[in-house]
Asker: 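Pasting in a structure now, in structure tokens, and then I'll have a few things to ask.
Quick note: numbers below take in every heavy atom, side chains included, and nothing from hydrogens, waters or symmetry partners. This one's a predicted model, so the numbers in the text were calculated from it and none came from an experiment.
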Amino acid sequence: MAQSRYLIIGLGRFGAALAESLAEQGAEVIAVDRDMAMVDAVKKKVAYAIELDATDPQALLSIDPLKCRAAIVAIGENFEATVLTLAALKEVGVRDIVARSRSARESRILQAVGATQVIELEYEMGRTFGKRLIGSAEAQPALGQALKP
């Protein structure tokens, strides 16, 4: 198993940013989405960018997910697709699966389906940003920059 190979499924803002960040740090990234426009947006920034239905176990096997250190399900708006993708990853034998959730309830469901780690982005970002606001005086001038899209 490649210790620096990651599978990112879902290339919205979070998934694309995560894929780019991992690639910048030297990881080999396989970026997957059903939408070719999303794939096109990251293809020059990652090792592999593929249009694929990740809810289909046979399609997942075509990209050999077992050679990845972790699979990250970064699908944002379609919870059903997140659950089905997680189930497909478990079916093909992926052991380390991180899933994005939008609520505590979604987190419980994703853990029940087999996610090894769940990220509630809004909650975690709120806590991180709160700590940053209270943090060192040097961080305060960067506040305006951090709020820009």
Asker: Tell me, please, which residues at least two apart from Q117 pass side-chain hydrogen bond (donor to acceptor under 3.5 Å, both in side chains).
Answerer: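 Q117: no side-chain hydrogen bond (donor to acceptor under 3.5 Å, both in side chains) contacts found.
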
Asker: Check the pair V94, C68 against side chain to side chain contact (heavy atoms under 4.5 Å, CB included), reporting the backbone distance first and the verdict last.
Answerer: CA-CA 8 Å; V94 176; C68 295; over 6 Å; no

Asker: Minimum heavy-atom separation for V118 and S107, please, with both atom names.
Answerer: CG1-OG, 3.3 Å

Asker: Which residues pass the side-chain hydrogen bond (donor to acceptor under 3.5 Å, both in side chains) test with E124, not counting sequence neighbours?
Answerer: none

Asker: Identify all side-chain donor-acceptor contacts of residues 49-59 below 3.5 Å with residues at least two apart in sequence or on another chain.
Answerer:
unit_1	atom_1	unit_2	atom_2	d
D53	OD1	R34	NE	3.3
D53	OD1	R34	NH2	2.9
D53	OD1	T55	N	3.0
D53	OD1	T55	OG1	2.5
D53	OD2	T55	OG1	3.3
T55	OG1	R34	NH2	3.3
D56	OD1	Q58	N	3.0

Asker: Side-chain contact, heavy-atom cut-off 4.5 Å: I30 with I8?
Answerer: no

Asker: Can you measure from CZ (R108) to CD (Q111) and round to the nearest 0.5 angstrom?
Answerer: 9.0 Å

Asker: What are the two closest heavy atoms between V113 and A87, and how far apart are they?
Answerer: CG1-N, 4.1 Å

Asker: Of all residues at least two apart in sequence or in a different chain, which pass the salt bridge (Lys or Arg N to Asp or Glu O under 4.0 Å) check with K90?
Answerer: none

Asker: Is there a path of hydrophobic side-chain contacts, each under 4.5 Å between heavy atoms of I/L/V/M/F/W/Y residues, joining L86 to I109?
Answerer: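 Linked within one cluster.
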
Asker: Can you confirm whether I72 sits close enough to L7 that some side-chain heavy atom of one is under 4.5 Å from a side-chain heavy atom of the other?
Answerer: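 Not in contact.
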
Asker: How close do T116 and R95 get, counting heavy atoms only, and between which atoms?
Answerer: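 Shortest heavy-atom contact: CG2-O, 3.0 Å.
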
Asker: Residues in salt bridge (Lys or Arg N to Asp or Glu O under 4.0 Å) with D40, at least two apart?
Answerer: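 Expected list: K43.
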
Asker: Between V98 and Y123, is there a shared hydrophobic cluster once you connect ILVMFWY residues whose side-chain heavy atoms come closer than 4.5 Å?
Answerer: no

Asker: I want to check something: taking the side chain as every heavy atom from C-beta on, are L89 and I9 in contact at a cut-off of under 4.5 Å?
Answerer: yes

Asker: Are a donor atom and an acceptor atom from the side chains of S21 and Q25 found within less than 3.5 Å of each other?
Answerer: yes

Asker: Say whether, by atom type as modelled, one donor and one acceptor occur between the side chain of E20 and the main chain of A16 under 3.5 angstrom.
Answerer: no

Asker: Looking at A99 and A115, what are the two nearest heavy atoms and their distance?
Answerer: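 Scanning both residues completely, I find the closest heavy atoms to be CB-CB, 4.1 Å.
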
Asker: Please determine whether side chain to side chain contact (heavy atoms under 4.5 Å, CB included) holds for the pair E120 and R102, giving the CA-CA distance in whole Å, both sets of side-chain angles, and the decisive distance to 0.1 Å.
Answerer: CA-CA 6 Å; E120 287 183 48; R102 295 177 296 167; over 6 Å; no

Asker: Give the minimum heavy-atom separation between D33 and V39, together with the two atoms involved.
Answerer: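 The pair with the smallest heavy-atom distance is O-CG2, 3.8 Å.
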
Asker: Tell me, do P65 and V92 make a side-chain contact under 4.5 Å, heavy atoms counted?
Answerer: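 When only atoms from C-beta onward are counted, V92 and P65 do touch, with a gap below 4.5 Å.
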
Asker: Please give me the minimum heavy-atom distance between L60 and A88, naming the atom from each residue.
Answerer: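 Closest approach of L60 to A88: CD1-CB, 3.6 Å.
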
Asker: Tell me whether L84 shares a hydrophobic cluster with I75, the cluster being built from Ile, Leu, Val, Met, Phe, Trp, Tyr side chains joined at under 4.5 Å.
Answerer: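 L84 and I75: separate clusters.
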
Asker: Quick one: list whatever passes side-chain contact (heavy atoms from CB on, under 4.5 Å) with A47, sequence neighbours left out.
Answerer: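 In terms of side-chain contact (heavy atoms from CB on, under 4.5 Å), with neighbours along the sequence ignored, A47 is linked to E28.
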
Asker: Do V73 and L61 belong to the same hydrophobic cluster, where Ile, Leu, Val, Met, Phe, Trp and Tyr are linked whenever their side-chain heavy atoms lie under 4.5 Å apart, directly or via other members?
Answerer: yes

Asker: Would one find more than 12 heavy atoms of other residues, nucleotides or ligands at under 6.0 Å from atom OH of Y48?
Answerer: no

Asker: Any side-chain heavy-atom pair from E80 and V83 closer than 4.5 angstrom?
Answerer: no

